[in-house]
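Naming convention: chains lettered A, B, ... in sequence-line order (proteins, then strands); numbering from 1 in each chain.
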Number of protein chains: 2
Amino acid sequence: MKPTIKDIAAESGVSIATVSRVLSHKTGTYSEKTQAKILAVAKRLGYRKNSTAVELVKKKAAVIALIINATPTNFSTQIIDGIQRRASELGQGVIILYAGNRNAELQHQAIVTALERAVSGILLAAIEPDTEDLTLLKESHVPFCFVSVYLGTDKVLSVSSDNEKLAATTTDYLLDRGHTHIGLAGVDTYHTGSQRIIGYRRALAAHGIQETTIKYGDYSYESGRQLLAEFLPLKVTAIIAASDMVAAGLLNAAQEAGIAVPEQLSLISIDGTDICRITTPALTSLTQDFYQIGAQSVDRVMGEKAATFVPVKLVARGSVKRL
Amino acid sequence: MKPTIKDIAAESGVSIATVSRVLSHKTGTYSEKTQAKILAVAKRLGYRKNSTAVELVKKKAAVIALIINATPTNFSTQIIDGIQRRASELGQGVIILYAGNRNAELQHQAIVTALERAVSGILLAAIEPDTEDLTLLKESHVPFCFVSVYLGTDKVLSVSSDNEKLAATTTDYLLDRGHTHIGLAGVDTYHTGSQRIIGYRRALAAHGIQETTIKYGDYSYESGRQLLAEFLPLKVTAIIAASDMVAAGLLNAAQEAGIAVPEQLSLISIDGTDICRITTPALTSLTQDFYQIGAQSVDRVMGEKAATFVPVKLVARGSVKRL
DNA sequence: GCACGTTACGTAAACGTTTACAATGCCTAT
DNA sequence: ATAGGCATTGTAAACGTTTACGTAACGTGC
């Protein structure tokens, strides 16, 4: 059997309370002599603490649950990385629960699982909650925070890029370079997509342009490929892609159709992952700081100070032409 | 306070034992009438089971720990997806622990954390264990399985592609198309890399070619970019890249150097993720089935029947030229 | 010599379940 | 009527910790 503090206590002739105090570093409550003795015995027996028991008595697990949507995009690694790193600095483990792809049932189930474990916080990445989810979360009294999704209110914790501003910045970038027929490709019909549409419209309107060209999608490569055909008859000179994958899809479809990028069509992509460097030409992007989004969301959910919006930056590569 | 079975028992006038039996579906041990009563009360109180308590008394958590190396590659999503899906079919949760990038200390720590939680199995993805890790794992008596790494022995559970065969197949593919000066780029110096080198040498030797051109790397895009320069003076006509990212790096470096792919240099990449479709030209690849590798590793570690080697396939795209 | 504080440690309850065992009531076969 | 069996429920211990509280020993200052 695995040794417990009971075994250590017996072996070293003290009570389990003392063993516990030494092992959990309640400094000032034990002598150096007993500490040394207990530590030696613990090491000899190969003792390893039972986190489950600790969590039961403390009624809190030192664990953050990350519920993540399996969107066909690829920034999750960076977000997870940021979350993991920051969490471990705060002494928290991370447990990841997949919620499928926009699957209400799985999503709900994931939240329940997190709640059953008495986690110290719940992070929801790329998740659009329904009202049922939201009530469940609120009633649980476990802190939760949306990651890379802004629900449009400050009543619910979240950390993301400012989608409205980001879309406006991207649109302005193209306007500055002389484009006036600008498409928006692959946005979703939820919060993120709507916010980007607002920013996009606002930037155009500020230049006196009322005409907008919006095509919805699901952030995937396939989505981008298919969407190109829909833009062609509309005579846009530039397209803003809702993700790197969408941009890559548009780009490849354009190449197959014999349309030169950026000579005949400019492309700019929202995300800015490694994908942008890999394509030919490399994709100019509105780069989000996913690592920071992840890291800050941990701070947020643990009650530390953290921003709701994480700064983005525009990285010029080779896919936009000045008209 | 969150309601417990005690509250339900009080409310419905039965003992906690009965409540527990109903709630954990010990069919045949309770009447339909009490079942209905208890279920109703549980629902009304908004009862949610405390997994921690269950795990403590059962001495086992229905959770698989996945320890994963933050390699600068991008197949992890697929592996995680496969693991998550299969695990949840078997009623297991998944907790992911990052082990940094070839960081012995973090790696060790991750194993200890998994052990502290009495998980039902430990999966180690893209991890090269040191002897200390291995003893720790063996002595714990918790089943563990390496994922996408084959230690060269069947004494340790693992699920991966057959690297030796895979490299031979890839090399043969190039040989068949008339290439005789073939490079191997970006392999590591551990098990995976060594196995691929063996397969590569074997295939060449079978064609009477003794000359080999091997450059080591870390599977990253940057690694690929840098390596191209080292291959140029060696007059290879084709390069096998150890990962899609390495291939993309080689490709872009080649394009910058004015070397046409595949006309002047053929490229074939080991992995076959979405990256291959995104580049121009698209990368011909030896495609690994990462989803299956993940799924099977769950079966393996849970004692179900599962293969050690998961089949691969060669997918021709546009980066290899017949000489 | 006494009151008091401090240090070091032990006792025992608590966390929320599961489950072995015992107990009860009822039915059936004799 | 009685023994045995079954269905249903209850009692209580156990899982491995933490921690409030109590206590003993030992100064220290008066």
Side-chain angles (χ1 to χ4, degrees), chain A residues 1-39 41-42 45-63 91 112-113 115-120 140, chain B residues 1-39 41-42 45-63 91 112-113 115-120 140:
Chain A
M1 262 344 289
K2 273 182 72 171
T4 70
I5 54 169
K6 219 175 200 165
D7 300 317
I8 300 181
E11 194 85 358
S12 45
V14 298
S15 72
I16 59 163
T18 302
V19 176
S20 170
R21 280 188 285 250
V22 169
L23 260 24
S24 52
H25 309 107
K26 296 263 170 302
T27 31
T29 70
Y30 49 81
S31 69
E32 287 191 14
K33 219 176 67 184
T34 41
Q35 179 190 30
K37 187 170 55 181
I38 288 173
L39 256 28
V41 174
L45 298 185
Y47 172 78
R48 196 120 36 222
K49 99 170 132 208
N50 182 327
S51 299
T52 310
V54 176
E55 286 169 11
L56 180 58
V57 59
K58 291 210 172 163
K59 305 184 91 173
K60 256 303 164 241
V63 163
V112 170
T113 305
L115 258 22
E116 282 179 359
R117 302 210 98 80
V119 295
S120 47
S140 72
Chain B
M1 262 342 290
K2 273 182 71 170
T4 69
I5 55 169
K6 219 176 202 164
D7 300 317
I8 300 181
E11 195 84 0
S12 45
V14 298
S15 72
I16 60 163
T18 302
V19 176
S20 170
R21 281 187 285 250
V22 169
L23 260 26
S24 51
H25 308 108
K26 294 263 170 303
T27 32
T29 70
Y30 50 81
S31 70
E32 286 191 14
K33 219 176 68 185
T34 41
Q35 180 190 29
K37 187 169 57 181
I38 288 173
L39 255 28
V41 174
L45 297 185
Y47 171 78
R48 197 119 37 222
K49 97 172 132 201
N50 182 327
S51 299
T52 310
V54 177
E55 287 169 11
L56 179 58
V57 58
K58 292 211 172 160
K59 306 184 93 173
K60 256 303 165 242
V63 163
V112 170
T113 304
L115 259 22
E116 283 178 358
R117 302 209 100 81
V119 295
S120 47
S140 72

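In this entry the distance linking CG of A:Asn50 with C1' of D:dG16 reads 6 Å, nearest Å. If you measure from atom CD of A:Glu116 to atom C1' of C:dT17, you get 13 Å, rounded to the nearest angstrom. Rounded to a whole Å, the NZ atom of A:Lys2 is 14 Å from the P atom of D:dC15. Atom NZ of B:Lys6 and atom P of D:dG10 are 16 Å apart (whole Å). Note: NE2 (A:His25) to P (D:dT18) measures 11 Å, nearest angstrom. If you measure from atom CG of B:Leu56 to atom P of D:dA13, you get 17 Å, rounded to the nearest angstrom. Rounded to an integer number of Å, the gap from B:Lys33 NZ to C:dC26 P is 12 Å.
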B:Asn50/A:Leu56 under side-chain contact (heavy atoms from CB on, under 4.5 Å): CA gap, chis, key distance, verdict: CA-CA 9 Å; B:Asn50 182 327; A:Leu56 180 58; 4.3 Å; yes

Go through it in stages, so that I can follow the logic: the residues are A:Val54 and A:Lys49, the test is side-chain contact (heavy atoms from CB on, under 4.5 Å), and I'd like the CA-CA distance, side-chain angles, deciding distance and then a yes or no. CA-CA 8 Å; A:Val54 176; A:Lys49 99 170 132 208; 4.2 Å; yes

side-chain contact (heavy atoms from CB on, under 4.5 Å) assessment of B:Lys37 paired with B:Val14: CA-CA 10 Å; B:Lys37 187 169 57 181; B:Val14 298; 4.2 Å; yes

When you look at B:Val41 and B:Val19, which way does the side-chain contact (heavy atoms from CB on, under 4.5 Å) test go after all the steps? CA-CA 10 Å; B:Val41 174; B:Val19 176; over 6 Å; no

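Within a 6.0 Å radius of NZ in A:Lys60, other residues, nucleotides and ligands contribute more than 12 heavy atoms.
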With the criterion being N/O to N/O and under 3.5 Å, what pairs connect the protein with nucleotides 19-22 of chain C, and how long is each?
none

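When distances run from any side-chain atom of A:Val54 to the nucleotides D:dG16, D:dT17, C:dT17, the shortest one goes to D:dT17. Checking C:dT17, D:dG16, C:dC9 against the side-chain heavy atoms of B:Ile5 singles out C:dT17 as nearest.
The shortest distance between the side-chain N/O atoms of B:Ser15 and the OP1/OP2 oxygens of D:dG10 is below 4.0 Å. For D:dT9, the OP1/OP2 oxygens have a side-chain nitrogen or oxygen of B:Ser31 closer than 4.0 Å. Distances shown here put every side-chain N or O of A:Tyr30 at or beyond 4.0 Å from the OP1 or OP2 atom of C:dG10.
For A:Ser24 (side chain) and A:Ser20 (main-chain N/O), a donor-acceptor pair under 3.5 Å exists by modelled atom type.
The shortest non-hydrogen separation linking B:Ala9 to B:Ser15 is CB-C, 3.8 Å. Pairing each heavy atom of B:Ala62 with each of B:Gly91, the nearest pair is CB-O, 3.8 Å. The two residues A:Leu45 and A:Pro3 make their nearest non-hydrogen contact at O-CG, 3.3 Å.
Across residues 7-14 of chain A, not one residue has a non-hydrogen atom less than 4.0 Å from an atom of DNA chain D.
Within 4.0 Å (heavy atoms only), A:Thr34 reaches sugar-phosphate atoms of the nucleic acid but no base atom.
Both B:Ala53 and B:Gln35 sit near DNA chain D, but only B:Gln35 has its closest nucleotide nearer the 5' end. Toward the 5' end of DNA chain D, the nearer of the two residues B:Lys59 and B:Glu32, judged by each one's closest nucleotide, is B:Glu32.
Partners of A:Val112 under the side-chain contact (heavy atoms from CB on, under 4.5 Å) rule, at least two apart in sequence or in another chain, are A:His108, A:Gln109, A:Glu116, A:Leu136, B:Arg48.
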